[in-house]
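Reading through the structure tokens given below for one structure.
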Amino acid sequence: MGEDRVTSGRFARSPIADDGDALRFCSTCAFGAVCCDRGVDKLALNELHCLVEHVGPYRTGEAVFRTGDRFGAIYAVRSGTVKTRVVDLDGRELVLGFHLPGELIGLDAIHPESYPCDAVALEPVEVCRFSFPALSTLATRLPGIQQELFRRMSKDIGGKALLAGDYSSDERLAAFLVLLGRRYAERGFPPGTLHLAMSRGDIANYLRLAAETVSRVLRRFQDQGLIKVDGRELALARPAELYALARPILDR
């Protein structure tokens with residue numbers, strides 16, 4: 001995983017992906033499943049590799065794209081964490097999601113042909129930019145790329161619907177932590193180790209809870225020994241019990 005490490009019990013911030021080798025893309029590549037899981041080596045996907053433009057770093061608070069910008073590319077987070085959001089006419093923010101290294105942003109702009117939200121860096125961020133017209137042309141010749149795009153779009157839709165429903169604050173926060181832990185583990189980080197680049201307020205906004213509620217539930221989880229918190233670093237100390245709390249959401 002390149003430079004992803006936990007040092008002295010702490011989570012290394014903003015790891016950047018390595019550049020792979022002769023047969024593999026970088027460790028957090030958004031299309032890594034195409035060349036690794038489906039048995040297609042990097043040489044066969046050289047055209048895709050040539051489409052990648054490394055962009056950044058973006059400083060904390062800077063936007064990768066903003067609502068209404070003309071759609072021309074999709075982006076894969078290369079390092080850091082990105083928040084997607086919409087802001088209404090009264091200036092109220094609605095957090096749509098948080099995106100880790102290897103995850104795509106901008107897929108929801110394909111149909112309207114403009115970005116329907118802002119994508120904002122929560123910490124120093126680098127991204128890979130894929131020109132969508134060129135990627136679409138290449139996908140007609142490499143079905144694996146098209147399949148991966150569809151898979152990502154389907155997963156994104158499912159994730160947005162995950163927290164819809166009448167669930168308690170404990171269930172929502174437990175599900176958020178369990179799923180975030182899974183996403184970090186999928187990217188090679190130590191199991192149960194999370195870096196919360198987002199603020200408590202952002203988490204509360206995303207979960208449609210009050211910020212005070214999120215802080216209170218996190219403290220209770222910590223007092224119960226379910227999690228260990230050190231600033232923005234969090235460890236799932238008793239993941240099975242957290243999963244049991246989140247089961248109504250995760251198993252539906």
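Tyr243 is linked by a ring-ring contact (aromatic ring centres under 6.0 Å, His included) to nothing, counting only residues two or more places apart in sequence or in another chain. Judged as a side-chain hydrogen bond (donor to acceptor under 3.5 Å, both in side chains), and not counting sequence neighbours, the contacts of Ser168 are Glu171. Partners of Phe98 according to the ring-ring contact (aromatic ring centres under 6.0 Å, His included) rule, which considers only residues two or more places apart in sequence or in another chain, are Tyr206. Under the salt bridge (charged side-chain N to carboxylate O under 4.0 Å, His left out) criterion, Arg200 pairs with no residue, sequence neighbours left out. Taking Phe221 as the reference, nothing meets the ring-ring contact (aromatic ring centres under 6.0 Å, His included) condition, with sequence neighbours excluded. Residues meeting the side-chain contact (heavy atoms from CB on, under 4.5 Å) test with Ala235, sequence neighbours left out: Lys228. Remark: Ala210 engages Glu212, Thr213 in a side-chain contact (heavy atoms from CB on, under 4.5 Å) (not counting sequence neighbours). The side-chain hydrogen bond (donor to acceptor under 3.5 Å, both in side chains) search around Glu241 returns Arg238, not counting sequence neighbours. Partners of Arg66 according to the side-chain contact (heavy atoms from CB on, under 4.5 Å) rule, which considers only residues two or more places apart in sequence or in another chain, are Ala63, Asp69, Arg85, Asp118. With sequence neighbours excluded, the residues that form a side-chain contact (heavy atoms from CB on, under 4.5 Å) with Ala119 are Val64, Phe65, Val82, Thr84, Ile105. Scored by the side-chain hydrogen bond (donor to acceptor under 3.5 Å, both in side chains) test, Arg70 finds no partners at all (sequence neighbours excluded).
Counting heavy atoms from C-beta outward, Tyr115 and Phe71 have side chains that approach closer than 4.5 Å. Using a 4.5 Å cut-off on side-chain heavy atoms (C-beta onward), Leu196 and Thr81 make no contact.
A salt bridge (charged side-chain N to carboxylate O under 4.0 Å, His left out) check over residues 214-227, counting only residues at least two apart or in different chains, returns the pairs Asp170-Arg220.
Between the CE atom in Met198 and the CG atom in Asn205 there is a gap of 12.0 Å [rounded to 0.5 Å].
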